[in-house]
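Presented below is the structure to which this report refers.
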Amino acid sequence: MNYLEINNVSKTYGTKKVLNDISIKVPKQSIYGLLGPNGAGKTTLIRILNQITMPDSGQVLLDGNPLSPNDIAKIGYLPEERGLYKKMKVGEQAIYLAQLKGMDRKEADKRLRQWFVKFDIANWWDKKVEELSKGMQQKVQFIVTVIHEPKLLIFDEPFSGFDPINVNLLKNEILELREKGSTILFSTHNMSSVEELCDNIMLINKGEKILEGSVYDIKQRFKNHTYDVVYKPFDGSEEQHLTVNSTNPNELIRDIIEKGKLVSFNEILPSMNEIFINLVSSSNQ
Amino acid sequence: MRIGIIIEREYLTRVKKRSFLLITFLAPLFFAALMFLPAILMTNSEKFETKKIIAVCDESTLFNGKLENTDANTFIYIDKSIDEAKQLVKDGVYDGVLYIPGTKLTVPTNAELYSIKQQPMTLTSHIRSSMKQIVEHQKLMSSGIDPAIVKASATTINIQQIKMNEKEGGEQKSFSEFEFLLGLILALIIYFVIFIFGSQVMRGVIEEKTNRIIEVIVSSVKPFELMMGKIIGIALVGLTQFLLWGVLTLAISGIASAFLPTQDVFSAGTVMSEQITEAGINPNNPDTLTEVFEIIHSINFKDILWCFLLYFIGGYFLYSAMFAAIGAAVDNETDTQQFVTPISLLLVIPMVCSSIISTAPDSSFALWMSMIPFTSPVGMMLRIPFGVPIWQVVLSVALLYATFIVFTWLASKVYRTGILMYGKKVSWKEIFKWIKY
C-alpha cells in the first residue's frame, strides 16, 4: 500500500516549468530517496507536499486521501535551510514549534524532555539557541521534526552539518522511525547514504523525472556486466586480480577455474553516484 | 488556534525583553521628571545661587537707589569711574559692575554689565525690566503725564470664540490654541507609534527569514496566520506599553505631587504654559487660566481617546501589513530603505502639513487628509480636538479599515512569496508581480 502518491503534478513559475508531470508512489513504511541536482525542482516538490506551495495541476494523495490542511500534523519536515530563533530558549522554542504542529503544551513538554535525554542534550533545555553550536542546533531541529510522531517524514539533506558520530545516530533514528511505522521521504546529494537507507528512489532533473525504482532494480538495470575476479593460478604464482567485462559469467568462471583456484568472484554494480552523474549529464545534453 | 500560539510567542518574547521593561518603567519617570524638574529647579534655583553684589556705576544718576535688590542680588551705588569699578571687580570686591553711560541730560537706554563670571539670565532680565520701568516713568513724568493714568488706561481685550453646536443647541467656548496643541500631540504619538511598532513587525519578519526558521513554520501554519499573528502580537505589546505608561505616569505624578508643595506644582504648570504663551495665552491672567481649565473640561476626552485607539489600530495594521511585506521581500535590513521611504512619506505628509490642517481644520485640504486612509490616522488626530462631524469620522474610519483589509490581503501575497525567496534583489516591479501570483 502506498502511503503517499503524487499524481501528474506540474508547477510553473513565470515561464519556467519547475515540475513537469511528476508522479511517484511511496509505499508505507519505506524510505524514498528524492534525488536530483541543485535546481532540479526537489524543494518545490517538497513544498507542495507541505502545502507551502500549491501545484498548478495534479494531485497529492496522503493515505489515499487528497492532501488537506489537517494533514499538517501528519507531516514532519526538516528543511535543508533550517534555523531557529536565536534569542529564544531551546526548550521553550521546541515546545512552540511542537504546538504549531497541533500538539498540546503539556504533552509536547513531556515528550520533548524524553527526546532531549535520548539525544543527550537535556542540559541545554534552558540555554538560548545562540549559545549552541550548529551541530547542536541540528539535533534540536531533528527532534522538533519528529516530536509529533508524524506518519510522513520529509528530510531535506538531514546529515549536512553533522559529525560522523551524529550522522550515525541520526541514521539509526531514521531507520527506527521507519520500523515504528513512519514513511520517509529523503532528499539528499549524499549518494552513499542513499544506498544505505533508501528502498526506492526517484531522480529528477530540470523538473522532469528521469529515473524511478528500487535501489536494487536500478543498480541491476544500469550494471555493465563487469566482474571483479580474484584467483590463485595453479603454477603457484601471485594471486591475480582481474576486472572483466562479460555477458556470460558462467563462461567466465569456467575459463578461470581452468587457470587456477577461484578466490572470489563479484559482480561490480554501478554506485548510485555513477548512475546519478551519468544520467544527469546525459539528460542535460 | 494556531494563530493564538503565534500571538502569544510574539507578545511574550517582546514583553520579557529587558529593553521593553526598561523603556516601560523608565519613560514614565522621564515624563514625570519633565513635568516636575523645571518646577523644582526654578523654585530652588535662587537658593542655590550665592548672594551677588553688583556695583552700579551710573553716569546718568537716574537710577540711584532705584534698582530693586532681590534675594540673589544686591545693588550698591558707587561714585567711581568705570575703570576703577572694573578694577574692584577684578580684585573681587564686587561680583560685577553695571555701567550705565550717559549724562544727567540724556535718558539712558543702554547699559553694560561687567563681570568675571558669566551672570545668569535672571540677573540681566531683572536689570532690564527695572530699568525699563524707571525710564518709562521718567519719560512720562517729563511729558507731564501721571504714570498712574497710563497704568489705569491699560486694557486687555479678550475675544472668545464660541462654537455653535447645531444639534444640542449648546455652546462651547473654543480655544483653538489648546486644541491645536492637543491635536499635535495626538498626531505625533500616532505617527511615532506606527513607525516604531511597524518597523518591529518588519524586523521580526526579516529575522525569521534570515535565520531560516520560516520554512519550518510555514510547513505548520499558513503564512497569513504567521503574518497576522506577528502583527497582532506586536499591537498588543504596544497597547500594553501605553497602558503601563499611563498607569505609571499617573502613579509617579501622584506620588511626586504628594511630596511637593502645591505651589511648586502650580509653577510647573506655568512653566509648561510659557510655551502656550507664544500661542497667545497669557498665563498671568487668571481669567485665561480658568478658561483653559474650562476648555479642558469641555473637550470630550473619552471620545478622543476612542478615536485615538481606532486610528492607532487601523493605521498600525495598515502600515504594519506593508512593513511585513517589505520585510518578506528583502534579505536584510539594509535593503529595506528603497521600500520604506516611499511608504513612510505617506504618513509624513500630514505631519509636515500639520500647521495647515490645524489652522484650518475644516478646509477641504484638512478634510482630504483626514479621509485618505494612508494619511487619516495623523490627519484626523490633528482635526479631532476641534470637533469633527460624526459622519466624517465614521466614513474615515470605514475607509481606513477597508483599506487595511485590502492591503493586508495584498501584503500577505507578497509576504507568502517573499519569505521563501532568497538572494534576489527585489524591485517594485517584482513585488507587483508577486501580488498577481
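Just so we're on the same page: letters track the sequence lines, and every chain starts at 1.
- Open room surrounds CG on A/Asp120; 12 or fewer heavy atoms of other groups in view lie less than 6.0 Å from it.
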>> Is there a side-chain contact (heavy atoms from CB on, under 4.5 Å) between A/Tyr13 and B/Thr417? Walk through the geometry before answering.
In response: CA-CA 11 Å; A/Tyr13 283 125; B/Thr417 313; over 6 Å; no

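- Within 6.0 Å of NZ on A/Lys171 lie more than 12 heavy atoms contributed by other residues, nucleotides or ligands.
- A salt bridge does not link B/Arg9 with A/Glu92: every distance from a Lys NZ or Arg NE/NH1/NH2 to an Asp or Glu carboxylate oxygen is 4.0 Å or more.
- Contact of A/Gln51 with chain B is not made at all, since no heavy-atom distance falls under 4.5 Å.
- With respect to chain B, the highest number of heavy-atom pairs below 4.5 Å among A/Ile75, A/Asn50, A/Leu100 belongs to A/Leu100.
- Contact annotation for B/Glu8: only side-chain heavy atoms (C-beta onward) come within less than 4.5 Å of a heavy atom of chain A.
- Shortest non-hydrogen contact noted between A/Gln99 and B/Ile5 is O-CD1, 3.6 Å.
- Contact annotation for B/Glu215: both backbone and side-chain heavy atoms come within less than 4.5 Å of a heavy atom of chain A.
- Of the two parts of A/Thr53, neither the backbone nor the side chain holds a non-hydrogen atom closer than 4.5 Å to a non-hydrogen atom of chain B.
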> Yes or no on side-chain contact (heavy atoms from CB on, under 4.5 Å) for A/Lys101 and B/Ser219, after CA distance, side-chain angles and deciding distance?
Replying inline: CA-CA 9 Å; A/Lys101 277 289 183 190; B/Ser219 72; 4.0 Å; yes

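- The shortest side-chain heavy-atom distance between A/Met88 and B/Thr13 falls under the 4.5 Å cut-off.
- Distance CG/B/Leu420 to OG1/A/Thr44: 10.0 Å, rounded to 0.5 Å.
- Contact annotation for B/Ile214: neither backbone nor side-chain heavy atoms come within less than 4.5 Å of a heavy atom of chain A.
- For A/Lys87, the NZ atom is loosely surrounded, since the number of other residues' heavy atoms within 6.0 Å does not exceed 12.
- Surrounding CH2 of B/Trp306 are at most 12 heavy atoms belonging to other residues, nucleotides or ligands under 6.0 Å away.
- Of the residues considered (A/Pro79, A/Gly102, A/Ala73), A/Pro79 shows the highest number of contacts with chain B, using heavy-atom pairs under 4.5 Å.
- The closest side-chain heavy-atom distance from A/Gln93 to B/Ile213 is below 4.5 Å.
- In this structure, A/Lys209 places its NZ atom where more than 12 heavy-atom neighbours from other residues, nucleotides or ligands lie under 6.0 Å away.
- For B/Lys16, the part lying under 4.5 angstrom from a heavy atom of chain A is the side chain only.
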